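A note on names: the letters A, B, ... follow the listed sequences, proteins ahead of strands, and every chain is numbered from 1. Here the structure is a predicted model, which means the values were calculated and not measured.
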Protein chains: 2
Amino acid sequence: MDPTLLQLEALDAIARCGSFGAAAAELNRVPSALSYLIKNLELEAGLSLFDRTHRRATLTPTGRRLLEQARLVLKERDGLTALASELRSGWEPELRVVVDGALPLAPVIRAIRAFAEPEVPTFLRLDVEYQEGVLHRFEQGAELALVLGFEGGGGEEGLHCTPLGELVLLLVAASDHPIASSKREDLDQHNHVELLVRDSAPAFEVDRKPSFMGNRNVMFLSDFQTKKTALLGGAGYGWMPAHLIADSLATGALVHLEQEVNRWTYFPQLVRRPDQPLGRAAQLFIANLCLPFEALVATE
Amino acid sequence: MDPTLLQLEALDAIARCGSFGAAAAELNRVPSALSYLIKNLELEAGLSLFDRTHRRATLTPTGRRLLEQARLVLKERDGLTALASELRSGWEPELRVVVDGALPLAPVIRAIRAFAEPEVPTFLRLDVEYQEGVLHRFEQGAELALVLGFEGGGGEEGLHCTPLGELVLLLVAASDHPIASSKREDLDQHNHVELLVRDSAPAFEVDRKPSFMGNRNVMFLSDFQTKKTALLGGAGYGWMPAHLIADSLATGALVHLEQEVNRWTYFPQLVRRPDQPLGRAAQLFIANLCLPFEALVATE
DNA sequence: TCCATTGATCAAAAATCCTGATCTAAACAA
DNA sequence: TTGTTTAGATCAGGATTTTTGATCAATGGA
């Protein structure tokens, strides 16, 4: 059995209009055309769908049941034409975005909410990555990246960058950790453990990592929330985005260390490729992102 | 845009097989046929689905997205052919069953579980009715009825009946109700309230109800569970299926009244029309119903 | 009873789809 | 570089399917 969409449309129209004639008028056909389609449908299905003993052809129970399923087919077909129309009107089929896990997630979450609307046909893929993993994911084909900030603050490699405010990282430790009461320049004197968020690039070899920490003791963590927990537990010291530890600094659970370099300001950027124009989904994402982002970075 | 199932099948096959040629072989066509179908699909959709700059045609992101939706259409189409095959092999499109609310529901619930299996295409409709409502619903077209028992115990009106064991109704009241301590023949002397389950036939006129209770005080309830609650609350006395009040009799919350007629045995019947043969769904229902029914009626 | 309406049937016309030959261009090996 | 292989596009003719308009039978209402 191999039903045609035409046959299913005829079945649906006849059931809705109540007669072959009315359905034929709706489909801009002649009644005999529908007669032909339905006859073949019944023949191929091996089922009798209409009861012709009375003048008006009425659906049999079998016909009604099959109609239910036929309407599911037609519904998906309509979904296909709608999708084609949307793609034609500028929506990307898929939008991939990378976010540096050090950035505040709240504005990103607000932006992805817009993709739940039914009129947005684009599939959204959002990856939260760390360190080199952010650019690695971007190079693999993501259309947008929210990065912590390039060295020097400006763009490089011919990428199009839009500044998104500023993000402060602070060197902190638990208030009951010995390092909290030590003075400047003490960091190199002791073998305190430095907490670091692990690079999320898959093929990244830990040996090739710039050995700025020398042979000090280090603890690698998967993300900043875990790192915060470890810091609060007194595992060691480390850099944290200010917005993630404002509460702990206020309660005094964490303290800002008094070191030569204990504060670093980054300038987060929205990065995209300059050659290819933004699709409607990318524009939607940016429109829902930028405005609140500035505000949230400032206050958090 | 009006895509054809052929076009969608071609799109799906090319994506699965990796090339026009392999897909053509799978569909028993010639490559140029698929070329023609896809060209028209792209033309009507106004989208480019394949990238032909390289030798092997590869799906564009747009093509991949549209393919996702196309596969949904084909999936529903397959569901349609499967449904047709099932209906052809003897499954009814719909099965309607009525159950008298006085009967134990457990065996019925076991029977309807079988209809959750995906290989059962039949839509099941089950109505729990009371009194005249049971036969009323059966006459409206239900294929099967589980009735409390006809007067005289046998079948009537040329219906096919199968006995399902026996069901005892007991005349009971709350143990702290005045009637509980009264002796036989007292029922007519006092104006105690009789609790009754209301007839569920929609057009049933309460005036035409056989006035066997004369002008006594009555309280109509929607079902036996509600009636049990009202009995436990001491609202009055009434008949209850034994299986529903076994627990309350055991704890002593309800007591079996000592009256001339305080016990009635019914013989529940599975009723169906003798002229039309049973479909597979009806057979499935009965097969899952009968065996446990006898056991449950006896023990409950 | 007649008459309007519904739908089936049929042959011819129209549209669609398939085929097989031919052509272009990319990938690949020498 | 050159020639070979392979994937797919294109095109005209043929096969198939669908549509049409006329005709016919049957039902239900006036």
#### Entry: Side chains of B:Leu83 and B:Trp91 in contact at under 4.5 Å (non-hydrogen atoms)
no
Could you check whether [X] gets within reach of a base, just the sugar-phosphate, or nothing at all, counting any heavy atom under 4.0 Å?
{"X": "B:Leu34", "result": "nothing"}
{"X": "A:Ser35", "result": "base"}
{"X": "A:Ala33", "result": "base"}

Which nucleotide sits closest to the side chain of [X]: [options]?
{"X": "A:Val30", "options": "D:dG8, C:dG7, D:dG21", "value": "D:dG21"}
{"X": "A:Thr4", "options": "D:dT18, C:dT16, D:dG8", "value": "D:dT18"}
{"X": "A:Lys39", "options": "D:dT18, C:dT6, C:dT9", "value": "C:dT9"}
{"X": "B:Arg29", "options": "D:dG21, C:dT19, C:dC17", "value": "C:dT19"}

Shortest non-hydrogen pair, B:Asp199 vs B:Gln131, comes out as OD2-CB, 3.1 Å
Given the side-chain rings of B:Phe123 and B:Phe115, with only the six-membered ring counted for Trp, is the space between their centroids under 6.0 Å?
-> no
Nearest-Å distance, [atom1] ([X]) to [atom2] ([N])?
{"X": "A:Leu43", "N": "C:dT9", "atom1": "CG", "atom2": "C1'", "result": "14 Å"}
{"X": "B:Glu44", "N": "C:dT16", "atom1": "CD", "atom2": "P", "result": "9 Å"}
{"X": "A:Phe20", "N": "C:dT9", "atom1": "CZ", "atom2": "C1'", "result": "13 Å"}
{"X": "B:Asp51", "N": "C:dA26", "atom1": "CG", "atom2": "C1'", "result": "12 Å"}

Nearest-nucleotide wise, let me know which of A:Thr53 and A:Leu37 is further upstream toward the 5' end of DNA chain D.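 The 5'-side residue here is A:Leu37.
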Do A:Ser48 and A:Glu42 have a side chain donor and acceptor closer than 3.5 Å? no
*asked:* What I want to find out is whether A:Arg77 reaches B:Glu76 closely enough, with some N-O distance under 4.0 Å, to be called a salt bridge.
replied: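 Looking at B:Glu76 together with A:Arg77, the answer is no, because their closest N to O distance does not fall below 4.0 Å.
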Inset, instruction - Give a yes/no answer on whether the side chain of A:Arg52 brings an N or O atom under 4.0 Å of OP1 or OP2 in C:dA8. - result: yes
*For the side chain of A:Arg55 and the base of C:dT6, is some donor closer than 3.5 Å to an acceptor across the two?*
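Counting by modelled atom types and ignoring angles, no donor-acceptor contact under 3.5 Å is found here.
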Q) Does the base of D:dG21 carry an N or O that pairs as donor and acceptor with the side chain of A:Ser32 under 3.5 Å? A) yes
